[in-house]
2 protein chains.
Amino acid sequence: MSVRISDSTVRRLSLYLRMLRDLRRQGAELVSSRELAERTGATSAQVRKDLSLFGSFGKRGRGYAVGDLTTTLEDILGLSHTWRVGLVGVGKIGAALLGYRDLARRGFEVVAAFDVEPDKIGREMFGVRVAPLADLARVVREERVEIAIVATPPEAAADVAERLAAAGVGAILNFAPTEIHRVGDVPVRTVDVVLELEGLSYLLAGGRRDDVD
Amino acid sequence: MSVRISDSTVRRLSLYLRMLRDLRRQGAELVSSRELAERTGATSAQVRKDLSLFGSFGKRGRGYAVGDLTTTLEDILGLSHTWRVGLVGVGKIGAALLGYRDLARRGFEVVAAFDVEPDKIGREMFGVRVAPLADLARVVREERVEIAIVATPPEAAADVAERLAAAGVGAILNFAPTEIHRVGDVPVRTVDVVLELEGLSYLLAGGRRDDVD
DNA sequence: AACTGTGAAAACTTTCACAGCC
DNA sequence: GGCTGTGAAAGTTTTCACAGTT
């Protein structure tokens, strides 16, 4: 086993999982690759290929068992356990994330928050006490933070990422509009709203439109 | 011209542009593909290939002129003009986006906002009056909204997207955790924080086995 | 008949490597 | 010597198409 799984495959697995959970809630028992494809923007062959990279979960002639495939995907994606998340930077975006219920509901619990602003430090926001950035290492260890979200101004982001990695965080989601490269062996993903808007701008400005969704 | 440009290329162009603007501010005149690559996580060959898809902008033996390449990329990405953006859903995420200065600074001005909550309608938030969702079509036309951001609960997102497309919006950025497929010929991009976290979860859960076996 | 699992083919993207220019 | 521009090669991802299973 042990093939390298591409980013796009993992992304699609997440989409399949979201749909499977919906189906499970609605009481569906079986789902075909075609149905999974339709509502996730993939093709049925792609769905089958993606799943087959991890094993044979379907029943020929029938489809996939919704319940089983849901837990299988949760296992593959590491979502059987709730992740302990630390949030650095409680500005507009950080605060919105703190208040975003879906995080906890979908397996990511924010257990620590940090900021440098004196009037934010010590305050409790959405059930989490904001700690001073200076205490980052100690609090990350005490709260056993596994994944960190960086929502600081761009000029602070790289330094914060270093310190998070040094404190033992396993992965970083970066919201600052600056590229952070993997710090040591800690993977980093960047979410940049403006980047996404620029992609749309490109299409509107005359870039070929037949290939995005 | 008119080659098909991939999504990843466009994404990298945005990164190059961000770096070029920094360089311009610092007064740099020339930049090499290697320098552009280093700080954007690309390779120098990739930078040259990406740019060469649109023309020959460099000077052999010297590099690229920072100022010229900046405006060239702004043109390619459609950023010579400021886009008029409409925001649907002024909940936590929507409000954070409204207050996010970088949008306007980087060429995307929010000129209209919508919600269904009676206590939000009519209020002015960050300089934009919140209109009732029922007035969507009229306000979109009056304010000449070109790009819309959907930040509604997932169950409302698809319907809102339809109405936006019908009202003449040219592209949609979707923040609701549900897949929206291209509506007619209106491209849609989805940003989903949980999806990104799940990608990291996958890596932490053992998906990383880089080159083991 | 319906649908999965999967090799093989096709399409696409990245990297290489070097001619040409400053 | 340093650097771009680019065909060709290598690598990766998607699609095809069909044997096999219920």
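Computed from a predicted structure; not experimentally measured. Only this structure's heavy atoms are used, side chains among them; waters, hydrogens and symmetry mates stay out. The chains referred to below are lettered A, B, ... by the order of the sequence lines, with proteins before strands, and numbering in each begins at 1.
- Side-chain atoms of A:S32 and A:E35 include a donor-acceptor pair closer than 3.5 Å.
- Between the NZ atom of A:K49 and the P atom of D:dT12 there is a distance of 15 Å, rounded to whole Å.
- Taking side-chain N and O atoms only, B:Y64 has a distance below 4.0 Å to OP1 or OP2 of D:dG5.
- Using a 4.0 Å heavy-atom cutoff across all strands shown, B:R48 reaches at least one base atom of the nucleic acid.
- Under the 3.5 Å distance criterion, the side-chain polar atoms of A:T70 are matched with a main-chain donor or acceptor of A:V66.
- Each of A:A45 and B:V31 was matched to the nucleotide of DNA chain D holding its nearest heavy atom; the match closer to the 5' end belongs to B:V31.
- The CZ-P distance, from B:R34 to D:dT4, rounds to 9 Å in whole Å.
- In terms of position along DNA chain D, the nucleotide closest to A:S8 lies nearer the 5' end than the nucleotide closest to the other residue of the pair A:K59 and A:S8.
- Between A:A37 and A:S44, the shortest heavy-atom contact is CB-N, 3.5 Å.
- Atom pair B:R4:CZ and D:dT14:C1' shows a separation of 12 Å (rounding to whole Å applied).
- Here the closest non-hydrogen pair linking A:F114 and A:L136 is CE2-CA, 3.6 Å.
- For the residue pair B:R182 and B:P187, the shortest heavy atom distance occurs at NH2-CB, 4.5 Å.
- The shortest distance between side-chain heavy atoms of B:S14 and A:Y202 does not fall below 4.5 Å.
- For DNA chain C, the contact window with chain B, defined by any atom under 4.0 Å from a protein heavy atom, covers C:dT13 to C:dC22 in 5' to 3' order.
- Each of D:dT4, D:dA8, D:dT15 was ranked by its minimum atom distance to the side chain of A:Q46; first place goes to D:dT15.
- In this model, the phosphate group of D:dT12 is not approached by any side-chain N or O of A:S6 to a distance below 4.0 Å at OP1 or OP2.
- Paired with A:R84 under the rule side-chain hydrogen bond (donor to acceptor under 3.5 Å, both in side chains), one option of A:E146, A:E143, A:E109 passes, and it is A:E143.
- Out of D:dT15, D:dA19, D:dG5, the shortest distance to the side chain of B:S56 is found at D:dG5.
- No engagement by B:S44 is indicated, since no non-hydrogen atom pair under 4.0 Å with the nucleic acid exists.
- Atom P of nucleotide D:dG5 and atom CZ of B:R62 are separated by 13 Å, given to the nearest angstrom.
- Straight-line distance from the CZ atom of A:R60 to the P atom of D:dC18: 16 Å, rounded to whole Å.
- With a 6.0 Å radius and a threshold of 12 heavy atoms from other residues, nucleotides or ligands, A:R24 has its CZ atom above the threshold.
- When all heavy atoms of B:A42 and B:Y16 are compared, the closest pair comes out as CB-OH, 4.0 Å.
- Axis orientation changes by 0° from one end of the helix from C:dA1-D:dT22 to C:dC22-D:dG1 to the other, with each end axis drawn from 5 pairs and the value rounded to 10°.
- Contact annotation: A:R12 side-chain N/O to D:dT14 OP1/OP2 distance is under 4.0 Å.
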